[in-house]
Amino acid sequence: PAPENPSGWRAKSEILKNLRHLCEAADRAATVQNGRGERKRFCWSFMCIYDYKRPKVTVFNVAYPSSVSTYYVTLVPADTPYLFEGSWPPVHLCFESSIEIYDLEGQLVDKNASINNYRDKPRCLVHESKEVFVLLRFYVNRKVQSVVPKDWIWSVFHGEEVLAPLPPSVRLALSKNLEKLAADVFARINNNEDPGQTEFYCCMNDKGLFPSKTHCYIAAKPGEDVACRGMKISGVFSTAQPEIKFVDFIAIDIKIVRTEDGIPFNE
């Protein structure tokens, strides 16, 4: 979840506005015009990657990505039907996959909607009266799968047209540029009140940045002196609760909502 104070919301709005502008810039930069001047649109303009095995090599590390996350983002224009179709990756390679729709403030368009691999068909029709973001999420088993293969990325249809994904090099460059902007905005504007030292508590928040109905966060701030000395966290991952598909621990920078380290439960 993003900061709750007014300055935090201003930071979030600034990031989201720039995300929209960069999506549009990516579309213009990668557009091919035919002889009649018609433009070819692209999809999956941005991505977020965090790999706990390589925590220093991340892409668009904002809003506390999971230790095994890879996300793809498409901007859908207002009053324009986009059909998203694909296939769910095997669960031994990807703990969970989902697709969700957000407005330009980073909020779920349908607060009850989360299309995921455990209950839904891999298909999503998006047709809204305003611009929206579509996030395709993968929580990858990094022990056996280091990257997201191309055939995991869903196809996007605009009528009879199949939109091509933005070229990987362009997507990577734009994602890195946005990450720098986001970090700078949060560092300058986000003066979220320090909660002090806390034990674990449930902080599920459906008003944060890109929340998901399938996610629940249990957070603790052990205090700087404890964190510097090191600490032990122990518990049990219960297989008696089949609805819980994935658990991980992440260490975060609460000032710029960045993941600094992480480890999944199966490690």
Side-chain angles (χ1 to χ4, degrees), residues 19 23 26-27 30 41-55 57-76 82-102 108 113-126 132-158 161-176 178-179 210-215 244-248 250 259 262-267:
L19 178 57
C23 279
D27 180 58
R41 301 190 63 86
F42 286 78
C43 61
W44 306 126
S45 302
F46 293 90
M47 63 182 178
C48 164
I49 300 175
Y50 191 92
D51 183 348
Y52 72 100
K53 291 180 175 291
R54 300 182 298 164
V57 183
T58 66
V59 178
F60 192 46
N61 183 358
V62 294
Y64 309 148
S66 160
S67 64
V68 296
S69 56
T70 298
Y71 309 149
Y72 292 90
V73 183
T74 287
L75 178 72
V76 178
Y82 273 28
L83 175 63
F84 295 79
E85 284 188 323
S87 58
W88 300 122
V91 293
H92 72 282
L93 299 179
C94 188
F95 299 113
E96 182 179 336
S97 315
S98 65
I99 191 166
E100 290 169 309
I101 307 165
Y102 298 87
L108 284 164
S114 175
I115 299 172
N116 62 74
N117 60 309
Y118 289 100
R119 70 179 191 189
D120 302 301
K121 294 181 179 180
R123 187 177 189 273
C124 177
L125 178 62
V126 180
V132 294
F133 295 116
V134 174
L135 263 66
L136 179 62
R137 289 184 170 102
F138 299 104
Y139 294 94
V140 183
N141 185 347
R142 301 289 188 190
K143 294 178 69 175
V144 295
Q145 187 74 38
S146 59
V147 299
V148 169
K150 289 182 179 180
D151 59 358
W152 288 13
I153 304 175
W154 288 21
S155 299
V156 183
F157 301 88
H158 176 212
E161 179 186 6
V162 182
L163 304 187
L166 200 67
S169 60
V170 179
R171 184 194 301 129
L172 179 62
L174 289 169
S175 302
K176 288 184 175 181
L178 181 63
E179 180 179 359
F210 298 122
S212 172
K213 299 302 291 187
T214 67
H215 293 46
I244 299 177
K245 306 300 182 182
F246 175 74
V247 176
D248 71 347
I250 55 175
T259 297
I263 188 168
F265 72 89
N266 63 330
E267 290 284 319

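Counting from 1, the numbers follow the sequence of the chain as shown.
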Undergrad: For R137 and N116, run side chain to side chain contact (heavy atoms under 4.5 Å, CB included): C-alpha distance rounded to whole Å, both residues' side-chain angles, the deciding distance at 0.1 Å, then the answer.
TA: CA-CA 9 Å; R137 289 184 170 102; N116 62 74; over 6 Å; no
Undergrad: Can you measure from OH (Y50) to CG (N61) and round to the nearest 0.5 angstrom?
TA: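 Those atoms lie 6.5 Å apart.
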Undergrad: Output the distance between atom OH (Y52) and atom NZ (K143), rounded to the nearest 0.5 Å.
TA: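 Y52 OH to K143 NZ: 6.5 Å, rounded to 0.5 Å.
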Undergrad: Answer whether the closest heavy-atom distance between the side chains of C94 and W152 falls below 4.5 Å.
TA: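 They are in side-chain contact.
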Undergrad: Measure the spacing between CE of M47 and CG of L174 and express it to the nearest 0.5 Å.
TA: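 Between M47 CE and L174 CG, I get 10.0 Å after rounding to 0.5 Å.
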Undergrad: Of all the heavy-atom pairs spanning F84 and Y82, show the shortest one and how long it is.
TA: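 Of all heavy-atom pairs spanning F84 and Y82, the closest is CE1-CB, 3.7 Å.
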Undergrad: Which pair of non-hydrogen atoms, one from S175 and one from R171, has the smallest distance, and what is that distance?
TA: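 Of all heavy-atom pairs spanning S175 and R171, the closest is OG-O, 2.7 Å.
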Undergrad: Can you name the nearest heavy-atom pair linking C124 to I99, along with the distance?
TA: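 Shortest heavy-atom separation between C124 and I99 comes out as CB-CG2, 4.2 Å.
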Undergrad: So do the side chains of S212 and E100 get within less than 4.5 Å of each other, counting heavy atoms only?
TA: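 A side-chain contact exists here, since the closest heavy-atom pair is under 4.5 Å.
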Undergrad: Apply the test side chain to side chain contact (heavy atoms under 4.5 Å, CB included) to residues V148 and V140: give CA-CA distance (whole Å), side-chain angles for both, the deciding distance (0.1 Å), then the verdict.
TA: CA-CA 8 Å; V148 169; V140 183; 3.9 Å; yes
Undergrad: Is the shortest heavy-atom distance from the side chain of F138 to the side chain of L136 under 4.5 Å?
TA: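 A side-chain contact under 4.5 Å exists here.
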Undergrad: As an exercise, state the distance from CD1 of I250 to CD1 of I263, rounded to the nearest 0.5 Å.
TA: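 If we round to the nearest 0.5 Å, I250:CD1 and I263:CD1 are 13.0 Å apart.
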Undergrad: Answer whether the closest heavy-atom distance between the side chains of E179 and T58 falls below 4.5 Å.
TA: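 They are in contact (side-chain heavy atoms under 4.5 Å apart), so the answer is yes.
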Undergrad: Is it the case that E85 and S155 place a side-chain donor and acceptor less than 3.5 Å from each other?
TA: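 E85 vs S155: no donor-acceptor pair found between side chains.
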Undergrad: Which pair of heavy atoms, one from W44 and one from L166, lies closest together, and at what distance?
TA: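 Between these two residues, the closest heavy atoms are O-CB, 3.8 Å.
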Undergrad: Counting C-beta onward and ignoring hydrogens, is there a side-chain heavy-atom pair between D51 and V57 closer than 4.5 Å?
TA: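 Not in contact.
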Undergrad: I'd like to check the ring-ring contact (aromatic ring centres under 6.0 Å, His included) partners of Y72; sequence neighbours left out, ordered by chain and number.
TA: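 Per chain and number, Y72 pairs via ring-ring contact (aromatic ring centres under 6.0 Å, His included) with no residue.
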Undergrad: Please name the pair of heavy atoms, one in F60 and one in C48, separated by the smallest distance, quoted to 0.1 Å.
TA: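 Smallest heavy-atom distance, with atoms named: O-SG, 3.3 Å.
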Undergrad: Which of parallel (below 30°), tilted (30 to 60°) and perpendicular (above 60°) describes Y71 and Y139?
TA: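 Perpendicular: the ring planes of Y71 and Y139 meet at over 60°.
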Undergrad: Answer with yes or no whether the side chains of S67 and D248 bring together a donor and an acceptor at under 3.5 Å.
TA: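 Yes, side-chain donor-acceptor contact under 3.5 Å.
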Undergrad: Would you check if the side chain of R119 reaches a backbone N or O of S114 as a donor-acceptor pair within less than 3.5 Å?
TA: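 Yes, because the side chain of R119 sits within donor-acceptor range (under 3.5 Å) of the backbone of S114.
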Undergrad: How far apart are the closest heavy atoms of W88 and I115, and which atoms are they?
TA: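 Looking at all heavy atoms of both residues, the closest pair is CH2-O, 3.7 Å.
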Undergrad: Let me confirm one number: the OG-CD distance from S66 to E96, rounded to the nearest 0.5 Å.
TA: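 Reported value, rounded in 0.5 Å steps: 9.5 Å.
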Undergrad: Does L93 reach the side chain of N141, with side-chain heavy atoms less than 4.5 Å apart?
TA: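 A side-chain contact under 4.5 Å is absent here.
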Undergrad: Does L75 reach the side chain of F133, with side-chain heavy atoms less than 4.5 Å apart?
TA: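 They are in contact (side-chain heavy atoms under 4.5 Å apart), so the answer is yes.
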Undergrad: One pair to check against side chain to side chain contact (heavy atoms under 4.5 Å, CB included): Y102 and V132. What are the steps and the verdict?
TA: CA-CA 6 Å; Y102 298 87; V132 294; over 6 Å; no
Undergrad: From L172 CG over to I49 CD1, what is the distance, rounded to the nearest 0.5 angstrom?
TA: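 Going from the CG atom of L172 to the CD1 atom of I49 covers 7.5 Å.
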